[in-house]
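Report on the structure given below.
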Amino acid sequence: MKTVYFVDFDNTVSMVDVWDTIVSRFAGGNWEQVIRDYDEHRISSWEFNTKMLRSLKGHREDVLGLISTVEVDPEFARFVELAQNRGREILLVSDGYDFYIDPLLEKAGVSGLRYVSNHMEWTDGTVRWDFPHFLPECERKMANCKCQHLRLEELELRRVYIGDGVSDICAAGKVEVVYAKGELHRYLESVGRDFHPFETFADVIEHEFAGG
């Protein structure tokens, strides 16, 4: 049976939530309350993202400079190599933005990895965005409905989800194997769902590729 890894990006591949880091530096208004409202399920992902995007001010090069300081999980590139060597697929499923995913994958030394995310373009003082994977019927009103990418119609797949946050809860509930940390860990524990706790991709490698 073929294995497909569905992998969150922010605070999963990256060591911090990149989108929250950008917001904390470049957003105006009461952005901290907006983040709390999202984390505590009072507003949807779509509403959270839209509010944050409208509040952003700054220059493109300053934002890219901040992104360049973000660390990527040092074992992620090895995880990708091991998976690909065994014929396993990887799809990054992110409720974040291609604007920072691309340079951080390059920083990690990972090329050609498929991902689905929201879209952002940043010019001096102007941010443009698009939610190409938004589905009005999404039960959690995600900006990027991750469940639609799980290939649930394919019966002969072992689906493995790796994530950390609110945006991962729905998709993680529809796959066979879950690796969780952060808010996702706390949620799955609270509902009694089986999962593998992890902190870095070293933990995932240990379970998925025993013996190297």
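Sequence positions, counted from 1, serve as the residue numbers for this chain.
Of the N and O atoms on the side chains of Arg158 and Thr3, at least one donor lies less than 3.5 Å from an acceptor on the other residue. Between the side chains of Asp17 and Asn11, no donor-acceptor pair of N or O atoms lies under 3.5 Å. Checked by atom type, the side-chain pair Tyr179/Asp164 shows no donor-acceptor distance below 3.5 Å. For the residue pair Glu47/Tyr38, the side-chain donor-acceptor check at 3.5 Å is not satisfied.
Listed by first and then second residue, the side-chain hydrogen bond (donor to acceptor under 3.5 Å, both in side chains) pairs involving residues 192-205 amount to none (not counting sequence neighbours).
Listed by chain and number, the residues in a salt bridge (Lys or Arg N to Asp or Glu O under 4.0 Å) with Lys181 amount to none (sequence neighbours excluded). Every residue meeting the side chain to side chain contact (heavy atoms under 4.5 Å, CB included) condition with His41, not counting sequence neighbours, appears here in chain and number order: Arg140, Val166, Ile169, Glu183. Asp95 meets the salt bridge (Lys or Arg N to Asp or Glu O under 4.0 Å) test with no other residue; sequence neighbours excluded. Evaluation of the side chain to side chain contact (heavy atoms under 4.5 Å, CB included) rule for Thr50 yields Trp46, Arg54, Phe131 as partners, not counting sequence neighbours. Partners of Ala77 under the side chain to side chain contact (heavy atoms under 4.5 Å, CB included) rule, at least two apart in sequence or in another chain, are Val110.
The aromatic ring centres of Phe6 and Tyr161 sit 6.0 Å or more apart.
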Would Phe195 and His185 satisfy ring-ring contact (aromatic ring centres under 6.0 Å, His included), going step by step from the backbone distance to the final call? CA-CA 8 Å; Phe195 66 95; His185 178 292; 4.8 Å; yes
